[in-house]
Chemist: 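Here it is: the structure, laid out below.
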Amino acid sequence: MRVTWAAGTLTFRLDPEDEITGKAADGYPVKLATNSCTITNVPDDAHPDLFAVAAWTVVAPWTRRRIVFDRAVSAELARALHDGWGVEAGPVGADPRPAGGTLAISYSGGADSVAAAVVYPDAPFVHFRRAPHPRVPNRWPHYRSDVLARLARQTGRPLTEVRSDLEYTLAEPRPGYPEHHAVAAGALLNADRLGLGGLAFGYEIGSRWLGGGRYLHRFTPDNPMWAPHGMWGRLFAAAGVHIVLPVGGVSEAVTMRLALGSELAAQVRWCLQGTGGPCRTCAKCLYKELIQAAVERRPLDTPLTADHPRARKWLRPPPYGGQEMVEYGLARIPGIEDTLFADCLEYFEASEESTSWLDHCYPPALAEIPEPWRAQAVSFMTAQVGLMTEKEIHRVETWGS
């Protein structure tokens, strides 16, 4: 793989051994559509390691043996790529980038992202906004990036909005991030300008520790994407921008409660399709409604019924993505047996007691937060959420076994 940057445009050329269809860090197959993308509102003089990591978040799935950058990188950065992916990187010759003193929030506006912002009320936001690609047609026109960006601007926080068409580098399964970390490409390129030493994401306990979503359904202390000692954690650290997970030790029930109880509640929007509010009919709205109803101890409020196509997955046996939150909802929502989730009751013996661990914070997640920002997170979680007991910690560490 050979990459070049010019005026915010990344162009890459595959080597003979590289592949059009590759796999992201979570094992999901992704097919390449085009070999260039542009990121706007970024400086031309960022540290070369920042350009390198930003490029790697895009090209990693398709790179097999080596990557050649258009400017020299540090030996530490090259070593992180080799140790994490077995890729030879060069040319080498730059001094390493020292970490700055500022922590920014990679801000999407969803409940998890807002909860991370609640932990650090003084942190500035960096918001990624999808932009059209000059050559690739938009096959996902219902994605309202304009609405999410407008809500981000309404928060009143210092905001850096970065626009990019990098999601159109994917032909399959649909426009999206080649790697989850590509959402940070704009923040990385602005790291010198903002003095960043850390970038906080809204990934919660399901993403960090429970192997949720589309990958493993078990306790994952060595999660390759979000563990600080994982390949991505080491790579970001080598560029002087540590990955920080302020809510990595709490469930989506906690992030929902924190977000909706915050001063940013009016800007919370997890739906990617709604304009005047959540659409209420997409899969994400249904899942988040399950969590919100459980937190608010009220009946489920959705127009979707069991015969709707989006209910089909809930009529099948588990495992489910976010399974811990499904159990949490089944145990707390009045009348759940009369909803499209009724069949799920056959597979779980969920109770408030058996799911109470999801109301507290897993302490090892706090220990992972880099020292400059750890004390604030510990203080917040101790006072506002509460730490897990030894029994609850055991529940996390035996998840999926």
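Everything numeric here is computed off the predicted structure, so don't read it as measured data. Side chains included, hydrogens not; waters and symmetry mates left out as well; all remaining heavy atoms used.
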Chemist: Taking atom CZ of Arg135 and atom OG1 of Thr34, what is their separation to the nearest 0.5 Å?
Modeler: 4.0 Å

Chemist: Under 3.5 Å, is there a donor-acceptor pair linking the side chains of Ser351 and Ser354?
Modeler: yes

Chemist: Determine, for Glu19 against Lys31, whether the closest basic-nitrogen to carboxylate-oxygen distance falls under 4.0 angstrom.
Modeler: no

Chemist: How about Pro318 and Glu327: do any of their side-chain heavy atoms sit closer than 4.5 Å?
Modeler: no

Chemist: Hey, what do you get for CD (Glu296) to CE (Met256), rounding to the nearest 0.5 Å?
Modeler: 8.0 Å

Chemist: Answer yes or no: is there an ion pair linking Glu167 with Arg130, defined by an N-O contact shorter than 4.0 Å?
Modeler: yes

Chemist: Verify, without hydrogens or angle tests, whether Arg310 (side chain) and Thr281 (backbone) share a donor-acceptor contact under 3.5 angstrom.
Modeler: yes

Chemist: Which atom names give the shortest non-hydrogen contact between Glu179 and Tyr177, and what distance separates them?
Modeler: O-CB, 3.0 Å

Chemist: Determine whether Asp301 and Arg280 make a side-chain contact, defined as any pair of heavy atoms from C-beta on separated by less than 4.5 Å.
Modeler: yes

Chemist: Donor-acceptor pair, Tyr320 side chain versus Arg316 backbone, under 3.5 Å?
Modeler: yes

Chemist: Tell me if a side-chain donor or acceptor on Ser379 pairs with a main-chain N or O of Ala375 at a distance below 3.5 Å.
Modeler: no

Chemist: Are any of the side-chain heavy atoms of Cys37 and Thr169 separated by less than 4.5 Å?
Modeler: yes

Chemist: Mind listing the closest non-hydrogen atom pair of Ala89 and Val92 along with its distance?
Modeler: O-CG2, 3.7 Å

Chemist: List the steps, then state whether side chain to side chain contact (heavy atoms under 4.5 Å, CB included) holds for Leu245 with Ile369.
Modeler: CA-CA 7 Å; Leu245 303 184; Ile369 295 175; 5.9 Å; no

Chemist: Decide yes or no for Arg208 and Ile205: does some side-chain heavy atom of the first lie under 4.5 Å from some side-chain heavy atom of the second?
Modeler: no

Chemist: Looking at Ala227 and Pro221, what are the two nearest heavy atoms and their distance?
Modeler: CB-O, 3.8 Å

Chemist: Please round to the nearest 0.5 Å and tell me the distance separating atom OG1 of Thr339 and atom CG of Leu304.
Modeler: 11.0 Å

Chemist: Could you tell me the separation between the CD atom of Glu252 and the CD atom of Glu204, rounded to the nearest 0.5 Å?
Modeler: 4.0 Å

Chemist: State, to 0.1 Å, how close Ala55 and Val3 come at their nearest heavy-atom pair, and which atoms those are.
Modeler: CB-CG2, 4.4 Å

Chemist: Given Glu161 and Arg129, is the salt bridge (charged side-chain N to carboxylate O under 4.0 Å, His left out) satisfied, shown in steps?
Modeler: CA-CA 7 Å; Glu161 181 182 311; Arg129 179 177 176 180; 3.5 Å; yes

Chemist: Got more than 12 heavy atoms from elsewhere within 6.0 Å of CD, Glu346?
Modeler: yes

Chemist: Would you kindly say whether Arg332 and Thr355 are connected by a side-chain donor-acceptor distance under 3.5 Å?
Modeler: yes

Chemist: Show me the donor-acceptor pairs, under 3.5 Å and distance only, between side chains in residues 228-240 and residues at least two apart or in other chains.
Modeler:
unit_1 : atom_1 : unit_2 : atom_2 : d
His229 : NE2    : Asp222 : OD1    : 2.8
Arg234 : NH1    : His229 : O      : 2.5

Chemist: Suppose the criterion is ring-ring contact (aromatic ring centres under 6.0 Å, His included): which pairs have a residue in residues 182-203, not counting sequence neighbours?
Modeler: Phe201-Trp226, Tyr203-Trp226

Chemist: Scan for side chain to side chain donor-acceptor pair (under 3.5 Å) pairs involving residues 44-61, sequence neighbours excluded, and state none if there are none.
Modeler: Asp49-Ser74

Chemist: Is the backbone of Thr9 close enough, under 3.5 Å, to the side chain of Thr38 for a donor and an acceptor to pair up by distance?
Modeler: no

Chemist: Counting N and O atoms only, with roles assigned by atom type, does the side chain of Ser36 sit under 3.5 Å from a partner on the main chain of Thr11, one being a donor and the other an acceptor?
Modeler: no

Chemist: Within a radius of less than 6.0 Å around CZ of Arg65, do more than 12 heavy atoms belonging to other residues, nucleotides or ligands occur?
Modeler: no

Chemist: Can you tell me if Gln273 uses its side chain to pair, donor with acceptor, with the backbone of Cys282 under 3.5 Å?
Modeler: no

Chemist: Of all residues at least two apart in sequence or in a different chain, which pass the side-chain contact (heavy atoms from CB on, under 4.5 Å) check with Thr155?
Modeler: Tyr107, Phe125, Arg157, Leu264, Gln267

Chemist: Test your reading of the model: is there a side-chain donor-acceptor pair from Trp373 to the backbone of Thr102, 3.5 Å cut-off?
Modeler: no

Chemist: Classify the angle between the aromatic ring planes of Trp357 and Trp399 as parallel (below 30°), tilted (30 to 60°) or perpendicular (above 60°).
Modeler: tilted

Chemist: Could you grab the distance from atom CE of Met225 to atom CD1 of Ile243, nearest 0.5 Å is fine?
Modeler: 10.0 Å

Chemist: Just jot down the side chain to side chain donor-acceptor pair (under 3.5 Å) partners of Thr275, sequence neighbours excluded, or say none.
Modeler: none

Chemist: Just verifying a value: how many Å separate Asp26 CG and His180 NE2, rounded to the nearest 0.5 Å?
Modeler: 4.0 Å

Chemist: Has Asn190 got a side-chain atom pairing as donor or acceptor with Gly195's backbone, closer than 3.5 angstrom?
Modeler: no

Chemist: If you take all heavy atoms of Met1 and Thr63, which pair is closest and at what distance?
Modeler: CE-OG1, 3.4 Å

Chemist: For residues Ile333 and Leu290, determine if any side-chain heavy atom of one lies less than 4.5 Å from a side-chain heavy atom of the other.
Modeler: yes

Chemist: Kindly check if the number of other-residue, nucleotide or ligand heavy atoms within 6.0 Å of NZ (Lys23) is above 12?
Modeler: no

Chemist: Hey, is the main chain of Ala191 close enough, under 3.5 Å, to the side chain of Arg97 for a donor-acceptor pair?
Modeler: yes

Chemist: So do the side chains of Leu14 and Ile20 get within less than 4.5 Å of each other, counting heavy atoms only?
Modeler: yes

Chemist: Answer yes when Arg174 and Glu172 have at least one side-chain N-carboxylate O distance shorter than 4.0 Å, and no when they do not.
Modeler: no

Chemist: Quick check: are there more than 12 heavy atoms from other residues, nucleotides or ligands sitting under 6.0 Å from CZ of Arg298?
Modeler: yes

Chemist: In terms of heavy-atom contacts, does CD of Glu349 have more than 12 from other residues, nucleotides or ligands at under 6.0 Å?
Modeler: no

Chemist: With a sphere of 6.0 Å drawn around CD of Glu390, does it hold more than 12 non-hydrogen atoms of other residues, nucleotides or ligands?
Modeler: no

Chemist: Please enumerate all residues that pass side-chain contact (heavy atoms from CB on, under 4.5 Å) together with Leu148, with sequence neighbours excluded.
Modeler: His127, Tyr143, Arg269, Leu272

Chemist: I'd like to know if the side chain of Asn223 and the backbone of Thr220 have a donor-acceptor N/O pair within less than 3.5 Å.
Modeler: no

Chemist: Verify whether the ring centers belonging to Trp209 and Tyr362 lie closer than 6.0 Å.
Modeler: yes

Chemist: Between Val126 and Val162, is there a side-chain heavy-atom distance shorter than 4.5 Å?
Modeler: yes

Chemist: Minimum heavy-atom separation for Ala116 to Pro246, with atom names?
Modeler: CB-CG, 3.9 Å

Chemist: Side chains of Pro48 and Phe51, heavy atoms from C-beta outward: is any pair under 4.5 Å?
Modeler: no

Chemist: May I ask you to check whether Trp270 and Tyr287 place their ring centres under 6.0 Å from each other?
Modeler: no

